[in-house]
Student: 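Have a look at the structure that comes next, please.
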Amino acid sequence: MSGADTDRSRSPDLSRYYTQKIRWAACKGETEAMAEASGHAEDVRCGKVRVPVDYADPGGGDVEVAMIRMKSSASGEPRGSLLLNFGGPGGPGVSALAGSQKEFGFLSKDYDVVSFDPRGVGQSDPVSCGDVSTDPLESGDSAPDDPGAVLAELRKAAKECEDRSGPVLPHMGTVNVSRDLDVMRQALGDKKLNYLGFSYGTRLGAVYAAQFPKKVGRMVLDGVDTLTEPVAEQSLATAEGRQTALDNFLEWCTGNPGCVFGTDARAARDGMVRLIQDMDEMPLRSMEGEEFTGQDVVGVLSQALYSRQAWPALSQALGALLADGDPRALIRMSGGLMGGAEGPREDVPMDNMSAALMAVNCADDPDRPDAARIEKEVGRLREEFEEASPVFGKSMLMPVLLCFGRPPGTDFIRERVRDVKTPKLLLVGTRGDPATPYRWTEETARRLGSRAVVLDNKGDGHTGYLGSTCVHDKVNEFLLYGETPQSGSSCPVDPKAQE
């Protein structure tokens, strides 16, 4: 379903999806290994649910959505399930929960804690665009002077994504993932959806609250996404936030002995830009011939900078890269692999996260620049993004440009996700969040209406639950005991996060 009229799309018979049961079994492959490494593999099981590729035409094929469950430690019957979405869009939930059971163990006192790979992500019919994610701007450094060449590359990129991704690509987007979420709720045997969503997962939770208000139980949205800003504005804000986080990291690094960038923060910023440019021009290669580029470094930075606790490991990994040309520590930080004996991750394409991110963001955005606008504005956009961030600007511009040539997005999120009639929703905004600015928390709360309760986290980092003891406690109290903080309550900077 590429449109937003969910009322009409409910008319087809979906009973076979809403009557299915999940067969839980031992996880396999990398998921099993991650669960074993966590020390609680015996409490983790994997399963699948089937959802229609197109809710308007449920006879047109299915998607198998991969799921994972951490069984409740309650002595009696658990309250039900608590579904987690770790963000993205494009973030796999199965591997994320398998590797972070300790962090969510307290919630298993009352709930079976469950996560999933959304359609098109991870083990759920993953989409791919191959190696086209940076090609449009690499058609030549003269791209601003030759916008026609950019358009030709964008058309080629859209066709490559379509060919590689199969029938699920036109049916990506949060409106459909929200409907998948409701199928999962029913398959889990829950009358209400109890939910904890991070980052993009807050957009998913808000859409669910608008689509299925009577099915909402206890819902927390942490690191609140925007519901109104178009892809271009979202991407620019994210580029600026990530650059600020990188500058803060380099300031910290150069203030500590042994920093590979020396002692001058300004020189360190210039050095990081040169490193990425050099590696884009001359990537490192594994023995199997796979490349590790400057944009791969950017991808790792994008993840590692979300948490101040990762800074020491990031400093050491960058040191190994610069001193010895060894990217393995960086690759481990991203959860990826560069050849080697361990092989690929569950047959998931290496570009799956970036391909899914583009597909979902484009599907969620009704704005679609035409050829004339791209030709007119591509040079200005490139300069604007590179000015916002010489490191992240290029990678954050690509999701904007790659919406060209894709089907029109839905206006459901922008027009109809407002004034929800649900129980209280807890929204957590972090003042120093590099990815989801605090103003998005306030804007989204106003759109959702009186049911939205805001918790103001004064700290840094992306999201608050895993970085602030205060936020952690208040979210747990809400999810476990229904204790809702007063709207406007705040959490101070966590001293442990500054160590």
Student: Please collect all ring pair (Phe, Tyr, Trp, His ring centres under 6.0 Å) contacts where either partner lies in residues 214-245, sequence neighbours excluded, each pair once.
Tutor: none

Student: My understanding is that only residues two or more places apart in sequence, or in another chain, count here; which of them pass side-chain hydrogen bond (donor to acceptor under 3.5 Å, both in side chains) with S468?
Tutor: none

Student: How would you list all residue pairs meeting disulfide (SG to SG under 2.5 Å) that involve residues 430-479, not counting sequence neighbours?
Tutor: C470-C491

Student: Mark yes or no for whether Q186, through its side chain, and V183, through its backbone, hold a donor-acceptor pair below 3.5 Å.
Tutor: no

Student: Applying side-chain hydrogen bond (donor to acceptor under 3.5 Å, both in side chains), can you list everything that pairs with N352, at least two apart in sequence or on another chain?
Tutor: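 For N352 there are no side-chain hydrogen bond (donor to acceptor under 3.5 Å, both in side chains) partners, ignoring immediate neighbours.
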
Student: Counting distance only, does the side-chain N/O of T430 pair as donor-acceptor with the main-chain N or O of D460 below 3.5 Å?
Tutor: no

Student: I need the D125 CG to H171 NE2 distance, nearest 0.5 Å.
Tutor: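 Reported to 0.5 Å precision, the distance equals 12.0 Å.
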
Student: Between the side chains of D225 and T202, does any donor sit under 3.5 Å from an acceptor?
Tutor: no

Student: Got a salt bridge between R328 and D326, using NZ or NE/NH1/NH2 to carboxylate O under 4.0 Å?
Tutor: yes

Student: When you measure from the side chain of N248 to the backbone N and O of A245, does any donor-acceptor pair fall under 3.5 Å?
Tutor: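 Pair absent, no side-chain N/O of N248 close to backbone of A245.
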
Student: Mark yes when over 12 heavy atoms from residues, nucleotides or ligands other than R439 sit less than 6.0 Å from its CZ; otherwise mark no.
Tutor: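 Yes, the 6.0 Å shell around CZ holds more than 12 heavy atoms from other groups.
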
Student: When you measure from the side chain of D351 to the backbone N and O of S354, does any donor-acceptor pair fall under 3.5 Å?
Tutor: no

Student: Could you tell me whether a side-chain N or O of S235 sits under 3.5 Å from a main-chain N or O of A232, the two making a donor and an acceptor?
Tutor: no

Student: Would you say E251 has more than 12 foreign heavy atoms packed within less than 6.0 Å of its CD?
Tutor: no

Student: Do S81 and Y111 come within less than 4.5 Å of each other through their side chains, counting heavy atoms only?
Tutor: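 Not in contact.
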
Student: Less than 4.5 Å apart, any side-chain heavy atom of L83 and any of N194?
Tutor: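 Not in contact.
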
Student: Restricting to pairs with a member in residues 196-266, which pass disulfide (SG to SG under 2.5 Å), not counting sequence neighbours?
Tutor: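 For residues 196-266: C253-C259.
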
Student: Name all residues meeting the ring-ring contact (aromatic ring centres under 6.0 Å, His included) criterion together with Y208; count only those two or more places apart in sequence or in a different chain, and write none if there are none.
Tutor: F212

Student: Just checking, any donor-acceptor pair under 3.5 angstrom between side chains of S124 and D117?
Tutor: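 No, no side-chain donor-acceptor contact under 3.5 Å.
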
Student: Sequence neighbours left out, what passes side-chain contact (heavy atoms from CB on, under 4.5 Å) with S165? Give chain and number order.
Tutor: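 Partners of S165 by the side-chain contact (heavy atoms from CB on, under 4.5 Å) criterion, ordered by chain and then number, come out as V127, L169.
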
Student: What's the separation between atom CZ in R50 and atom CD1 in I22, rounded to the nearest 0.5 Å?
Tutor: 13.5 Å

Student: Nearest 0.5 Å, please: how far is CE in M67 from SG in C27?
Tutor: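 Answer for the SG-CE pair, C27 versus M67, is 11.5 Å.
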
Student: For Y200, enumerate each residue passing the side-chain hydrogen bond (donor to acceptor under 3.5 Å, both in side chains) test, keeping only those at least two apart in sequence or located in another chain.
Tutor: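 T174.
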
Student: I need the R23 CZ to C46 SG distance, nearest 0.5 Å.
Tutor: 16.0 Å

Student: State, with a plain yes or no, whether a side-chain heavy atom of P118 is found less than 4.5 Å away from one of V65.
Tutor: no

Student: Please report the shortest heavy-atom distance between V175 and R179, naming the atom on each side.
Tutor: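 Looking at all heavy atoms of both residues, the closest pair is O-CG, 3.2 Å.
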
Student: Is R218 paired with E483 through a side-chain N to carboxylate O contact shorter than 4.0 Å?
Tutor: no

Student: With rounding to the nearest 0.5 Å, note down the distance linking CG in D419 to CG in L448.
Tutor: 8.5 Å

Student: Looking at G464, is its backbone amide N or carbonyl O close enough to the side chain of D222 to form a donor-acceptor pair, meaning the two atoms are under 3.5 Å apart?
Tutor: yes

Student: Within the distance-only criterion (no hydrogens, no angle test), does the side chain of T254 pair as donor or acceptor with the backbone N or O of L250 below 3.5 angstrom?
Tutor: yes

Student: Can you find a pair of side-chain heavy atoms, one from V475 and one from V428, that are under 4.5 Å apart?
Tutor: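 Heavy-atom side-chain distance check passes, below 4.5 Å.
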
Student: Scan for ring pair (Phe, Tyr, Trp, His ring centres under 6.0 Å) pairs involving residues 447-482, sequence neighbours excluded, and state none if there are none.
Tutor: F104-Y465, Y306-H462, Y465-H472

Student: For P390 and V273, work out which heavy atoms get closest and say how close.
Tutor: CB-CG2, 3.9 Å

Student: Applying side-chain contact (heavy atoms from CB on, under 4.5 Å), can you list everything that pairs with P213, at least two apart in sequence or on another chain?
Tutor: T422

Student: Between Q243 and D247, is any side-chain donor less than 3.5 angstrom from a side-chain acceptor?
Tutor: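 The criterion, which ignores hydrogens and geometry beyond distance, is satisfied for D247 and Q243.
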
Student: Can you tell me which residue among T226, T436, N361 is in a side-chain hydrogen bond (donor to acceptor under 3.5 Å, both in side chains) with R203?
Tutor: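 Exactly one option meets the side-chain hydrogen bond (donor to acceptor under 3.5 Å, both in side chains) with R203, and it is N361.
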
Student: Of all residues at least two apart in sequence or in a different chain, which pass the salt bridge (charged side-chain N to carboxylate O under 4.0 Å, His left out) check with K21?
Tutor: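 K21: no salt bridge (charged side-chain N to carboxylate O under 4.0 Å, His left out) contacts found.
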
Student: Taking L227's backbone N and O only, do any of them form a donor-acceptor pair with R447's side chain (distance below 3.5 Å, no angle check)?
Tutor: no

Student: Which atoms form the tightest heavy-atom contact between R418 and R414, and what is the distance?
Tutor: NH2-O, 3.7 Å

Student: Can you list everything that forms a side-chain hydrogen bond (donor to acceptor under 3.5 Å, both in side chains) with D112? Sequence neighbours excluded, please.
Tutor: none

Student: Salt bridge or not between K215 and D182? Use side-chain N to carboxylate O under 4.0 Å.
Tutor: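 Salt bridge flag = no for D182 with K215.
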
Student: Could you measure the distance from the CG atom of L236 to the CD atom of E387? Nearest 0.5 Å is fine.
Tutor: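 If I round to the nearest 0.5 Å, the distance is 9.5 Å.
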
Student: Does A25 offer a backbone N or O that forms a donor-acceptor pair with the side chain of R45 under 3.5 Å?
Tutor: no

Student: Is any side-chain heavy atom of V454 less than 4.5 Å from a side-chain heavy atom of Y438?
Tutor: yes

Student: Spell out, as yes or no, whether a donor-acceptor pair under 3.5 Å connects the side chain of K192 to the backbone of K214.
Tutor: yes

Student: Using distance alone, with no hydrogens and no angle criterion, decide if D280 and Q295 have a side-chain donor and acceptor under 3.5 Å apart.
Tutor: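 Yes, Q295 and D280 have a side-chain donor paired with an acceptor closer than 3.5 Å.
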
Student: Is there a side-chain contact between L427 and L455, using heavy atoms and a 4.5 Å cut-off?
Tutor: no

Student: For S302 and R242, test the side chains for any donor-to-acceptor distance below 3.5 angstrom and give the result as yes or no.
Tutor: yes

Student: What heavy-atom pair brings V348 and P126 nearest, and what distance separates the two atoms?
Tutor: CG1-CB, 4.4 Å

